[in-house]
2 protein chains.
Amino acid sequence: MSEPMAPLSACRLGLDTHQEPTIYLRHDSPVCRSEGFSALSRVMVRTERKHLIATLNMVTSNLLMPGEIGFSESAWKRMELREGNSVWLSHPKPVQSLSYLRAKVFGSELSQEQLREIIDDIVAGRYADVHLAAFITACASDKLSIREITDLTRAMVDSGSQIEWGLPQVVDKHCVGGLPGNRTTPIIVSILAAAGLTMPKTSSRAITSPAGTADTMETLTNVSLSLEQMRSVVEQEGGCLAWGGSVRLSPSDDLLIQVERALDIDSEGQLIASVLSKKIAAGATHVVIDIPVGETAKVRSQESAQALADNFKAVASTLGLTVHTLLTDGSQPIGRGIGPALEARDILSVLQNKKDMPTDLRQRAAEVAGAMLDLINDLPEGEGYKQALRILESGAAWEKFQAICKAQGGLKTPPIAPYRYELIAQKTGIVDQINNRKLAKVAKLAGAPADLAAGVDMHCKLGDKIDLNQPLLTIHAESSGELSYAVDYLEDHSDIIHIIAGREPS
Amino acid sequence: MSEPMAPLSACRLGLDTHQEPTIYLRHDSPVCRSEGFSALSRVMVRTERKHLIATLNMVTSNLLMPGEIGFSESAWKRMELREGNSVWLSHPKPVQSLSYLRAKVFGSELSQEQLREIIDDIVAGRYADVHLAAFITACASDKLSIREITDLTRAMVDSGSQIEWGLPQVVDKHCVGGLPGNRTTPIIVSILAAAGLTMPKTSSRAITSPAGTADTMETLTNVSLSLEQMRSVVEQEGGCLAWGGSVRLSPSDDLLIQVERALDIDSEGQLIASVLSKKIAAGATHVVIDIPVGETAKVRSQESAQALADNFKAVASTLGLTVHTLLTDGSQPIGRGIGPALEARDILSVLQNKKDMPTDLRQRAAEVAGAMLDLINDLPEGEGYKQALRILESGAAWEKFQAICKAQGGLKTPPIAPYRYELIAQKTGIVDQINNRKLAKVAKLAGAPADLAAGVDMHCKLGDKIDLNQPLLTIHAESSGELSYAVDYLEDHSDIIHIIAGREPS
């Protein structure tokens, strides 16, 4: 019944539409007429070797010749095309799992099989960005049960690569985030690998924050490791600091995170599934989860932190993972820098035992590393913390960090931003509140994390006595446009660092 | 601090990205560097006269010369550009209402002012499609309170044009849909306008169904009326049959509907706000709402129909609108045709009192028109129904319909589809179930509503005795690809028309 159509000729338009594969057809193209395609239609695209579902944009000009089909960069790469390749188009089969998504929107609990189909379809590129947005929204807040989060986690693990280490103990850590500058991971990996543990750390890029560990480590070394490279680094050094996206552990998570970032929505169920799926896929057996609690941190109260900790443990135990949670102080930024390169600088100064190092960053890293040493070696509480400090002081952690970076491709010097703005205290007093969220926003407006050198450098802590005209923070930016945008925001939000009248110096 | 940038030169790329305004910049463009823009950034675009927020796609080829900026068709038109116009780019201010959207995702109830800001930002184009998807999902199911639906309705009314008629009574009707072929509106408008009432009817296009009244009427006359044209048609004839989108009544609704269609999600709160905002903006005082109830209709039970009716009335009464609801039989399609042109054919045969007209369509139209006559003239129940039938029988409704179409630009003949497929009964028996949803899906796969002639023509009703090889339905399509796609689905879902063994003819 359907007449076979002549193939179209592939044409690389050089249009970067980010992740959503997009194709371009002339509006007068016979295939549009015959198949009834219009702008935003979802279309099945096939070559002799590959196929994918793409979103259609129409061309009403002469960008394309008759018989040509244009491809966005992401579609071109996924299809592994060459100029002039033959391409056939058809209607995609209806995506069955979208009906499960709709059921979730209307309050249904999804079965293991339904969640698996959704994740498989996401990984196969069958969801447009609006579908991902609906899925994220439908799962946000408390809309996933523990059973659903567990099944979602399992589906996310199974959708990507998994690493088997053949070891009884493989350790990992995660910080729930929301605390600017809390970049303990590279220090913890260095301590624990130096202590002889195996810690194949993969980290994500920032979702809604000014930097993720992968962003920060990117200023220090290569983080885009293949699975084989990662295995080789870990076998050699006991630890690595890789970007999770490039090893395709839990690939659906990488797609969801893109849209979560656009929506600026971070939901608890997705968070737990995202974190645990990456740990399980990376082969971890023991995980410490750091949950900073503070009025302007991601988790705002002890109660909600405890509830989150309980949910993490409930899901992890069903999946055979030992999780220890640490509720930590989230009232102010950790370290001084906020943004990839500025945080990298703080990390180096802690590892190198520099005199002016941020001691709070050192302490936080030693606490988390210590909790893992207590857990693995069954030590009396606090013993691991002392061990961790000794490993830092001895220089063994710094040695290990250098060895890991060398194995990953070499240690680099973090970039420095050319544009700066210093915020000066308008009055004398005591710092009594620091707004983490607004501070993160300033760093993001300044360009972090995409601009690695951009961010905020803090010059004060809670309780500090401040003199008139004392510098409170410095904004770093790679462009003047971003600098002025961040400064505008800062000027509109003078409460970011709140100073109350204190005792005058006597 | 920010250096003024040289303007970019506007270039019409002829790319149709549908509603989302999109701009294109070379990846090596200085403005990307200076402002830190990357693919999918939301960018404020300004000329000397206009501005809007657009989504950025990057160009990695020579599609654009250095110094040029490309525009999608929707962005080009909204900016009223000419080739070579000067364009400046900057970061948009953060869209404050997106934080209300996030609060809604996490279960907050939104205030009147917050809903108003959301709707205003949607109309101003400040929401990307993923934001619209999140808003629709966050409001779906029962997640909006009656107060929120009321405030949402008011905000939607205020965001667009409004018509004042200066009359004590202006009538309107709405059918909640979900019932294929239930195209009573053109008949009802003809009856009520012939009865001397004022009925300035605006209709939407299909959201998730194979045809909306605007799609069907488009096969019979011009439905893209300006507000002035609409006023003139109604002043002359007492009624009109216009597409709501072109008069910009409740323009946010038109944007939301695009994404609802992509998601295939129709939520109750959005539904009530969508319907009532259009009625109020069109100046209606009395509205009859037809709610078909059936296992495979949009509303599946008497209880949920009654709840929906109550919610419609609660919201309407706060907004000063008199609403009468009718719960009707939604167990099977009404009329014979499903799809714009096929439904238009049924409408004409009812208005023309043709012998072979679908009597169920005629009866349903007379019931709804009758309910309005009862309401307005305070008649004993059922009296209006008899009046409505008399107006149809006398030919007065047909006269009025022709006059309205003439005033709107002339009566057209609906198109006929070139590709057909007839489904033949495989056994003898009685039709005991018809699946409205799957039938609608077949009509959509065949190309409806975008292809006006496409759809399904039914040859049987519930309870009909069927002989072996008797035709059950005919699929109509404008292209062979769509026909085969619809046939594939039909073959996979043989339960669409369910036949049980009945008495053999004696």
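Just so it is clear, the values below take in all heavy atoms, side chains as well, and ignore hydrogens, waters and symmetry mates. A, B, ... follow the sequence lines: proteins, then strands. Residue 1 opens every chain.
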Do A:D16 and B:V59 have side-chain heavy atoms sitting under 4.5 Å apart? no

Exercise: identify the closest heavy-atom pair between B:D488 and A:K93: OD2-NZ, 4.4 Å

Heavy-atom check, side chain of B:I265 versus side chain of A:F106, under 4.5 Å: yes

Restricting to side chain to side chain donor-acceptor pair (under 3.5 Å), what partner residues turn up for B:S74, sequence neighbours left out? B:S72

Tabulate, in ascending numerical order, the residues of residues 95-104 of chain B having at least one heavy atom closer than 4.5 Å to a heavy atom of chain A, or enter 'none'. B:R102

Which of B:T17, B:D264, B:T55 touches chain A most, by non-hydrogen pairs under 4.5 Å: B:D264

Check B:L263 against A:H131 and note the closest heavy-atom contact, atom names and distance. CD2-CD2, 3.8 Å

Can you measure from CH2 (A:W76) to OG1 (B:T60) and round to the nearest 0.5 angstrom? 11.0 Å

A:Y485: what forms a ring pair (Phe, Tyr, Trp, His ring centres under 6.0 Å) with it, not counting sequence neighbours? B:H91

Residues at least two apart in sequence or cross-chain that pass salt bridge (Lys or Arg N to Asp or Glu O under 4.0 Å) with B:R12, listed by chain then number, are B:E73

Drop me the distance from B:L63's CG to A:L63's CG, to the nearest 0.5 angstrom. 5.5 Å

In terms of heavy-atom proximity below 4.5 Å to chain B, should A:V105 be classed as side chain, backbone, both, or neither? both

Write down the atom of B:V130, the atom of A:A133, and the distance for their closest heavy-atom approach. O-CB, 3.5 Å

Can you tell if the side chain of A:L15 reaches within under 4.5 Å of the side chain of B:L15, non-hydrogen atoms only? yes

Give a yes or no on whether the backbone of A:L13 and the side-chain of B:S61 come within a donor-acceptor separation of less than 3.5 Å. yes

Out of B:A140, B:S141, B:A454, return the one with the most heavy atom pairs under 4.5 angstrom to chain A. B:S141

Could you check whether any side-chain N or O of A:T137 sits under 3.5 Å from a backbone N or O of B:A138, counting only pairs where one atom can act as donor and the other as acceptor? no

How long is the straight-line distance from CD of B:E20 back to CG of A:L40, given to the nearest 0.5 Å? 8.5 Å

